[in-house]
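Source: prediction; values computed, not measured. Computed over heavy atoms, backbone and side chain alike; hydrogens, waters and symmetry mates excluded. Numbers restart at 1 for each chain; the letters A, B, ... are given by sequence-line order, proteins then strands.
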Number of protein chains: 2
Amino acid sequence: MFTPLFNHIQKFITLEPSEIKILEASLKISKIKKKEHLLQEGQVCNTLYFITKGCARQYIINPKGSEQTLQFAIENWWITDYLSYHNTTPSHFYIQSVENCEIISIEKNILEPILIEIPKLERYFRIVSQKSFGAMQMRIKFLFTMSAEERYHHFNDHFPEFVQRVPQYMIASYLDFSAEFMSKIRAGKI
Amino acid sequence: MFTPLFNHIQKFITLEPSEIKILEASLKISKIKKKEHLLQEGQVCNTLYFITKGCARQYIINPKGSEQTLQFAIENWWITDYLSYHNTTPSHFYIQSVENCEIISIEKNILEPILIEIPKLERYFRIVSQKSFGAMQMRIKFLFTMSAEERYHHFNDHFPEFVQRVPQYMIASYLDFSAEFMSKIRAGKI
DNA sequence: TTAATTTCTTGAAGTAGTTCAAGTTTTTTA
DNA sequence: TAAAAAACTTGAACTACTTCAAGAAATTAA
């Protein structure tokens, strides 16, 4: 049930059976339907979510009233608002499932004592979040240096299966151009 | 000498005197001149840098051959390429001082054993990097939702001292518009 | 303190995107 | 399986920016 997460953890550290038990006891798994919200703007985010099946996204509603996807998370990705989590401040983001999902969640007030009990888990979360930060730096690089068309092709080349899974307009906003423009790129009308 | 770093660490965790000694022994402090490089594109980054005085930046050279700043780091900020650090892959970035700097550096092969010895430090780096990741999410939000002029004013309002310290063209590229356009915004010609 | 270099400014011309509105296709729901 | 809702497409008009080129101002070096 929790195996995808433990497999992921074991890529970075090695847990004792006793430690696995402790962690396991504090995890919660839930199935959620497409378009359900895990977090709404204005709420304080005090949960980490790990996707074991399906796909979720973080998005905002921009000043013009339309949704803009900032981040996707698929199988074996964590998704959360870390700023809200750490500062206990209202979130600027929505987190929503894009497909029916299976999600492991763990709450801050349960996780933090466990991290002190099992320091290897601190290590796991440190490495994962440093790598995510690094990935974000690359994302900014791509946004800054590539044209809309280049970003589309780059994304398509790197995540072809993913492009099939989610609506185009979400990918368009994630790549920071309009759905209409994406349609024209795809039709070769650029 | 290392006090700015220890002050920063003590905001998140509490170290024993013995632990402070261990860490201290593995830190290196250096003064570097304006425009010196800490990292060049293509090198593997195996060092973390903590700015105690001055200002550094991460930048790339874009396909047109001009520099684009992706990140600034001032006093009490860490700067590094975490993707290169963790994957031992060539970096896509330059890291360079923008002013004369005093910088604490710590190497991966020295740090990693210390982190195992002092798990509280794992905690420190985890929290710092999760917060940085959160800040990056906000940065993407601003890039996506604000016009060039709004980004300029927002940055100016939040970091007025900083705007005095670094050349405008670096700020312009950090905010993802041209130096010429920034000049026009400042002159109110927009 | 002069020369050299770096940074900033300005206007004119161009363009990579957006916005709007309407129609079509696909997917979901009942 | 029909109706409703969601997602995608298209073209025309627009605009927020970029690029270029040249000069002015500020900073640094000798």
In this structure, which one of B:Phe142, B:Tyr59, B:Phe72 forms a ring-ring contact (aromatic ring centres under 6.0 Å, His included) with B:Tyr174? B:Phe72
When the ring planes of B:Tyr124 and B:His8 are compared, do they come out parallel, tilted or perpendicular, using 30° and 60° as the limits? perpendicular
Which nucleotide in the list D:dT9, D:dA7, C:dT10 gets nearest to the side chain of A:Gln168?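 Out of D:dT9, D:dA7, C:dT10, the nucleotide with an atom closest to A:Gln168's side chain is D:dT9.
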Indicate the atoms forming the closest heavy-atom contact of A:Phe93 with A:Leu70, along with that distance.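 Heavy-atom minimum between the residues: CE2-CD1, 3.3 Å.
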Difference in axis direction between the ends of the helix from C:dT1-D:dA30 to C:dA30-D:dT1, five pairs, 10°: 70°
Apply side-chain contact (heavy atoms from CB on, under 4.5 Å) to residues A:Gln43 and A:His37 and explain how you reach the verdict. CA-CA 11 Å; A:Gln43 291 179 346; A:His37 280 93; over 6 Å; no
Evaluate whether atom NE2 of B:His86 has more than 12 neighbouring non-hydrogen atoms of other residues, nucleotides or ligands under 6.0 angstrom away.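 Counting neighbours around NE2 of B:His86, more than 12 heavy atoms of other residues, nucleotides or ligands fall under 6.0 Å, so yes.
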Could you check whether [X] pairs with [Y] (Lys NZ or Arg NE/NH1/NH2 to Asp/Glu carboxylate O, under 4.0 Å)?
| X | Y | answer |
| --- | --- | --- |
| B:Lys31 | B:Glu102 | yes |
| A:Glu75 | A:Arg165 | yes |
| B:Glu149 | B:Lys184 | no |

Reading nucleotides 19-30 of chain C from 5' to 3' and marking B where a protein heavy atom lies under 4.0 Å of the base, S where only the sugar-phosphate is that close, and - otherwise, the string is BB-------S--
Check nucleotides 3-6 of chain D for protein N or O atoms closer than 3.5 Å to its own N or O atoms and list the pairs.
none

Return the residues of residues 139-148 of chain A meeting this criterion: a heavy atom under 4.0 Å from some atom of DNA chain C. Order them by number, or give none.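 Those residues whose heavy atoms fall under 4.0 Å from DNA chain C, taken from residues 139-148 of chain A in numerical order, are A:Ser147, A:Ala148.
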Do A:Lys131 and B:Asn87 have side-chain atoms, one donor and one acceptor, less than 3.5 Å apart? yes
Inter- and intrachain pairs under salt bridge (Lys or Arg N to Asp or Glu O under 4.0 Å), touching residues 82-91 of chain A, at least two apart: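 Pairs touching residues 82-91 of chain A that pass the test: none.
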Quiz: residues 9-21 of chain B side-chain donor-acceptor pairs under 3.5 angstrom, not counting sequence neighbours:
{"residue": "B:Gln10", "atom": "OE1", "partner": "B:Leu15", "partner atom": "N", "Å": "3.4"}
{"residue": "B:Glu19", "atom": "OE1", "partner": "B:Glu16", "partner atom": "N", "Å": "2.7"}
{"residue": "B:Glu19", "atom": "OE1", "partner": "B:Lys120", "partner atom": "NZ", "Å": "2.9"}

